There are 2 protein chains.
Amino acid sequence: MESITVYDIAREANVSVATVSRVLNDTAPVRTSTRQKIMAIIEKHKFQPNALARSLVNKKTGMIGVLFPDSSNMFFPEVFGGAERAAQKLGYTLFLCNTFSDFSRESEYLTLLRERQVEGLIFMGGRINSRHCPDALVQEVLDIQKKIPVVLINGSLPGHPCHRVKTNEYLGTELIMQHLIDHGHRHIGFLGGSGETTTTFEKLQAFRRMMHANRFPVRKDWVRLGDFSIDCGYELMSQTLEHRNPPTAVMCINDYVAIGAMKAAISRGLRIPEEMAIAGFDDTQLSSAMNPELTTVSQHSEQLGRQAMAILHKLIQKEKVKKLTVLVPKLIVRQST
Amino acid sequence: MESITVYDIAREANVSVATVSRVLNDTAPVRTSTRQKIMAIIEKHKFQPNALARSLVNKKTGMIGVLFPDSSNMFFPEVFGGAERAAQKLGYTLFLCNTFSDFSRESEYLTLLRERQVEGLIFMGGRINSRHCPDALVQEVLDIQKKIPVVLINGSLPGHPCHRVKTNEYLGTELIMQHLIDHGHRHIGFLGGSGETTTTFEKLQAFRRMMHANRFPVRKDWVRLGDFSIDCGYELMSQTLEHRNPPTAVMCINDYVAIGAMKAAISRGLRIPEEMAIAGFDDTQLSSAMNPELTTVSQHSEQLGRQAMAILHKLIQKEKVKKLTVLVPKLIVRQST
DNA sequence: TTGTATGCGTTATCAC
DNA sequence: GTGATAACGCATACAA
């Protein structure tokens, strides 16, 4: 396993390491004959330069750390898929870190990424969506931000300016609510999400405002939080339906909860959308695969990632970039409403 | 951005770098007073040692490269989720590489990972599932295998022994076929997958053998290949139903194709499973979220990843490990059959 | 066009 | 306990 180095190549080619390095990076003219000789030896040994050593002198790794909370929710793979494509074009490589929404895991990855000398960071989920994030955890992000550029997706560090790109989730909620209202619904429920989460809070506020603005009653039992999973959607819809006076429509925190809700409604014999209209959020691939197809709101997930990467690149280039980028969500009307 | 080094710490503490290094790794006794002084300075500057330099001398990065074809198919996140949990316990970090099933992307990542000095490699999808993989691409894997341990998940390099862990997909297919047959089906279709893919081929063989063994007719129009997506499932089922004599049941290459197929069947007014039984493969989270719930076969996805990581670890420790690990699939009967 | 020498930030081997 | 100093593998300024 003794890895072969430029010295080995140089010796075998009767040249100096400098020359080998030159053909490796073609950073200076090398006589064709010697270049070929060297290349042949490189090829022969399948020599590949040690990126660690290289980065150590360059002070560049070309790596971007990406923290995301949950790869079982397609939304996130879609986002970092967009980021990855952008990264490739710009010559970066993503270092994907699945935090499982665990703060301590986030912390571990944060230090790991710094030590590994990533040149930038894209942060999704976890603490940047937490409504009561301990100062120490905020500080960690602030600290790393002093060293390398950081871009937050759909999140923030309350009280601290950060570069961030986000969907206008408030507007997204309004779109979906208006759509339901236009269809004659006035008994509308809100399902899923966590009260500890800023994104949930934002949607909930928009939901409440729309209800009040239209002088619709908002029953306590029509607003049920939990988490972001299919199971949760199923559970919450089941609970809602057990009640004497269920809403005629629900908006769900995301597509997964909506899918669970749909299943619960259908399994109780309700017809969708006639007896129960259901809307999701995120427009993941799944939404169009459901039966009936799910009405939802697109966050332009790939674009979210692409933009974040673009901003990060500018930041790395020491360019000035405006702090906040807001993407406009789009209502996708399908069959479930 | 001038990063702070052990020298800076040493200078400020009036000690040598060696001592700083000692408290960093506590590799040798250091007087408590000096240790505290050093630690204070480290804390004060939020100093974090450069992992590149460290790895350069240690010759250890603690990194494992993971190639996977498609993060939009939940199966793969499930697998590397399992691998990740195992990796963490063993002190490794995963370097996730989304190849998008693109051979050239695989090649790029392969060299990138080598250069970055990963200590092992987990390979999924792409060329190791290709029935006609160009020699050059096989050779690439062979080359890297000479340098670092490689574990293939659900794939192989024809003609070359490799460490691999796989599900017995042949058996999985038999399970599902027997299940359908037990339910009285004899007109059974096969939907999705690609003929260029070894896994598809394996399932198809099992399918055909089961059909022949039972003396069932296998119509050409009942076997429709394509890819592994929801859309494909929808399309193939639609085509199948347009035919005069459709099967009464179909087994699909995976859950996604099955979901698409379900949708197509339902949208044509067919009742599932009464008029059309549909089975998937992989037992992704989605399968239980469908309506009706999808009968499928579990590959024990997380375990696949966990095992691969365990084997890799042993290999890295220079332990002998048997080349092939086969996991036994499990039939999950739900409502769609 | 090519070679020599030095530095990148750590760890490790010696001495003291 | 602590401090010089030589690696680690590569890139590059400076010479030649």
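Labels below follow one simple rule: chain letters A, B, ... track the order of the sequence lines, proteins then strands, and each chain is numbered from 1. On a predicted model such as this, the values are computed, not experimentally measured, just so you know.
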Review point. OP1 or OP2 of C:dC8 sitting under 4.0 Å from any side-chain N/O of B:Asn50?
Key: no

Check your understanding: Strictly by modelled atom types, are A:Gln307 and A:His300 linked by a side-chain donor-acceptor pair under 3.5 Å?
Key -> no

Exercise for review: Look at the side-chain N and O atoms of B:Thr5 and state whether any lies under 4.0 Å from the OP1 or OP2 oxygen of C:dG9.
Suggested key: no

Practice item. Name the orientation class of the two ring planes belonging to B:Tyr92 and B:His313 (parallel below 30°, tilted from 30 to 60°, perpendicular beyond 60°). Key: perpendicular

Exercise for review: Answer yes or no: does a side-chain N or O of B:Lys59 lie under 4.0 Å from OP1 or OP2 of D:dA7?
Suggested key: no

Point to revise | Crowding at NZ, A:Lys322 (>12 non-hydrogen neighbours, <6.0 Å) | key: no

Exercise for review: Go through the N and O atoms of the side chain of A:Arg22 and the base of C:dG3, and report whether any donor-acceptor pair is under 3.5 Å.
Suggested key: yes

Point to revise | Residues B:His160, B:Gln145; criterion side-chain hydrogen bond (donor to acceptor under 3.5 Å, both in side chains); working and verdict | key: CA-CA 11 Å; B:His160 302 280; B:Gln145 199 177 206; over 6 Å; no

Check your understanding: Choosing from D:dC10, D:dG9, D:dT12, which nucleotide comes nearest the side chain of A:Thr27?
Key -> D:dT12

Check your understanding: Between A:Ser21 and D:dC10, does any side-chain N or O lie under 4.0 Å from OP1 or OP2?
Key -> no

**Study point:** Presence of B:Arg54 side-chain N/O under 4.0 Å of C:dT11 phosphate oxygens OP1/OP2
**Key:** yes

Check your understanding: Going by distance alone, is a donor N or O of one side chain under 3.5 Å from an acceptor N or O of the other, for A:Thr61 and B:Arg116?
Key -> no

Exercise for review: Answer with base, sugar-phosphate or nothing: what part of the nucleic acid does A:Val57 contact at a heavy-atom distance below 4.0 Å?
Suggested key: base

Revision key, fill the gap. Assign each of A:Ala18 and B:Asn58 the nucleotide of DNA chain C bearing its closest heavy atom; nearer the 5' end lies the nucleotide of A:Ala18

Revision key, fill the gap. Of A:Pro29 and A:Leu56, the one whose nearest nucleotide on DNA chain C sits closer to the 5' end is A:Pro29

Review point. Which is true for A:Ser55 with a 4.0 Å heavy-atom rule: it touches a base, it touches only sugar-phosphate, or it touches nothing?
Key: nothing

Review point. Are B:Thr34 and D:dT2 close enough that a side-chain N or O sits under 4.0 Å from OP1 or OP2?
Key: yes

Review point. Touch check for B:Val15, heavy atoms < 4.0 angstrom, all strands: base, sugar-phosphate only, or nothing?
Key: sugar-phosphate

Review point. Are any of B:Thr19's side-chain N or O atoms less than 4.0 Å away from OP1 or OP2 of D:dG3?
Key: yes

